[in-house]
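Just below is one structure, and these are the notes that go with it.
Here is how names work: the chains are called A, B, and so on, in the same order as the sequence lines, proteins then strands, and each is numbered from 1. Only heavy atoms go into these numbers, but all of them, side chains included; no hydrogens, no water, no symmetry mates. Since the structure is predicted, the reported quantities are computational estimates derived from the model, not experimental observations.
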There are 2 protein chains.
Amino acid sequence: MEYLVENRVLVATDCIIFGFDGEELKLLLIKRNFEPEKGKWSLMGGFLRADEDLEVGAKRILHELTGLENVYMEQLQTFGEVNRDPAERTVSVCFFALINIHEHDAELARSRNGYWLSLKERPKLIFDHDRMVELALQRLRYKAALHPIGFELLPEKFTIPQLQRLYEAIYDSPFDRRNFSRKILSTKLLKDTGEKNEHGVTKKAVLYRLDQERYQKQFNAFLHFMSDF
Amino acid sequence: MEYLVENRVLVATDCIIFGFDGEELKLLLIKRNFEPEKGKWSLMGGFLRADEDLEVGAKRILHELTGLENVYMEQLQTFGEVNRDPAERTVSVCFFALINIHEHDAELARSRNGYWLSLKERPKLIFDHDRMVELALQRLRYKAALHPIGFELLPEKFTIPQLQRLYEAIYDSPFDRRNFSRKILSTKLLKDTGEKNEHGVTKKAVLYRLDQERYQKQFNAFLHFMSDF
DNA sequence: GCCCAATCGTGTCAAAACAACACAATAATT
DNA sequence: AATTATTGTGTTGTTTTGACACGATTGGGC
């Protein structure tokens, strides 16, 4: 059987790719050297193929720009206003990704005209991509407050002060160093590697790594946040 | 200009419609008297029209079954596995809605073969609709813990014990009556109507209504939940 | 070699939030 | 009038939070 509907539309995927350079949040954006909107900035995107699951398509598109696989990626929302793309009606399913900025294939990204730009000082993007970024940031803030998601943006070994700088970048507000440390350590998600950060210019901070076992277990344990309502 | 892609697909919308009868959570489901999967149970759905924004389409589909407008509705997620619909590739953008079960047009729903079924004891649904419901429940639990969203499922005037029964249904676990009441009242979101619930068979509970002004203000104030991370 | 400045790690303490629990008030039923 | 089910409010000890202080470590300048 077949549906008797002629309203088929293009389905695209756009990726909001977050990175952290130790100082601020960054976005991997495209300086378009192709139409439409050539010369302007946009998110990395592409069309869904006929034989491709949605998530597979999104991962393909991320891989085409970064060379990465096994990245933290989450569906954000679908944007489907009639005129969001002036060329032709296109429904865009957005994903956001958190990557370790030092692990991606920088040459590949550059060959696709990808650049890491500051989230706070990013240029205006095409179509409704600004709204997508806004929503992704909101979701990141939401999620990072309840789930141990921030680690995806850091290298394998990291210090608590580094983690704090990341959270301060995410929420754009300062935290008390002592309370932050206490709260993080109380989750028992970190394992002391015994090493210290050799890049430190003063007292060297202890390097931790994620306790993968606890991480997997606790990730969806958010319901503990509300025994009574 | 036009895109040179021939991979256009059908875009559908499916609605997960929650209701609360005072005892348990209900879903408004369709007993299909049309193909495909005639005779089986499914969510309410439909195809997106060419001239229709995504949200507009979802609201139209909800309206076709319930007669309601201005309903609490939120985009859930988009499902796009290649073979999720055996008839033809269809990408489904899911929405979930919270409605006051006593306000919808019951005759209209019945004429479309819509029935309110217990969430916990619902039948198996077609395609990937079970996964959609699972995800919607998870999202509802998530959201209701942080935002004052439960009121959407109750009548305009309601008692605190009613509200508690709702939350117990959502989280499928009992709460302490005294702590619950204290916590709800501390939000200052409820206004005492001065009336009492005349249906009570013993001591009659006080009827409250939402303080709309505070409700609008506080709805997105969740960031207060984490001054320090 | 010693002091200085910057950063890191841990500790204290009062206030607020939470969880467990007790008791009195109300209304229909007997 | 006693009984039973339910509602409203209060108490108390424990845990968590937020604000803040101090000592330890490291590299660089003198």
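If you measure from atom CD1 of A/Ile184 to atom P of C/dG9, you get 13 Å, rounded to the nearest angstrom. Residue A/His199 contributes atom NE2, which lies 14 Å from atom P of C/dC8 at whole-angstrom precision. Rounded to an integer number of Å, the gap from A/Lys183 NZ to C/dG9 C1' is 19 Å. Following rounding to the nearest Å, A/Phe180 (CZ) and D/dA19 (P) show an atom-to-atom distance of 16 Å. For the pair A/Phe175 CZ and D/dA19 C1', the computed distance is 16 Å after rounding to whole Å. In this structure, the CG atom of A/Asp192 is 12 Å from the C1' atom of C/dG9, given to the nearest Å. In this structure, CG of B/Leu185 is placed 15 Å from P of C/dA17, rounded to the nearest angstrom. Note: CG (A/Asn197) to P (C/dA6) measures 19 Å, nearest angstrom.
A donor and an acceptor atom never sit less than 3.5 Å apart when one is taken from the side chain of A/Arg182 and the other from the base of C/dG11. Side chain B/Arg178 to base C/dA22: a donor-acceptor pair is found below 3.5 Å.
The closest side-chain heavy-atom distance from B/Phe95 to B/Leu76 is not below 4.5 Å. Side-chain contact check for A/Leu154 versus A/Asn100: every heavy-atom pair is 4.5 Å or farther apart. The closest side-chain heavy-atom distance from B/Asp130 to B/Arg122 is below 4.5 Å.
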Measure all distances between protein nitrogen or oxygen atoms and nitrogen or oxygen atoms of nucleotides 26-30 of chain C, and list the pairs falling under 3.5 Å.
| unit_1 | atom_1 | unit_2 | atom_2 | d |
| --- | --- | --- | --- | --- |
| C/dA27 | O4' | B/Thr202 | O | 3.3 |
| C/dA28 | OP1 | B/Lys204 | NZ | 2.7 |
| C/dA28 | O4' | B/Val201 | O | 3.0 |

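Closest approach to the A/Pro161 side chain among C/dC8, D/dT7, D/dG18 is made by C/dC8 (side chain taken as heavy atoms from C-beta onward). Nearest nucleotide to the A/Asp176 side chain, out of C/dC8, D/dG8, D/dC20: D/dC20.
Contacts classified as salt bridge (Lys or Arg N to Asp or Glu O under 4.0 Å) and involving residues 199-209 of chain B (residues at least two apart or in different chains) are given here: B/Glu156-B/Arg209, B/Glu198-B/Lys204.
Within the 3.5 Å criterion, the main-chain N or O of B/Ala97 finds no donor-acceptor partner in the side chain of B/Glu74. Formation of a donor-acceptor pair under 3.5 Å by the A/Thr193 side chain with backbone atoms of A/Leu207 is found in this model.
Between the side chains of B/Tyr215 and B/Glu213, no donor N or O sits under 3.5 Å from an acceptor N or O.
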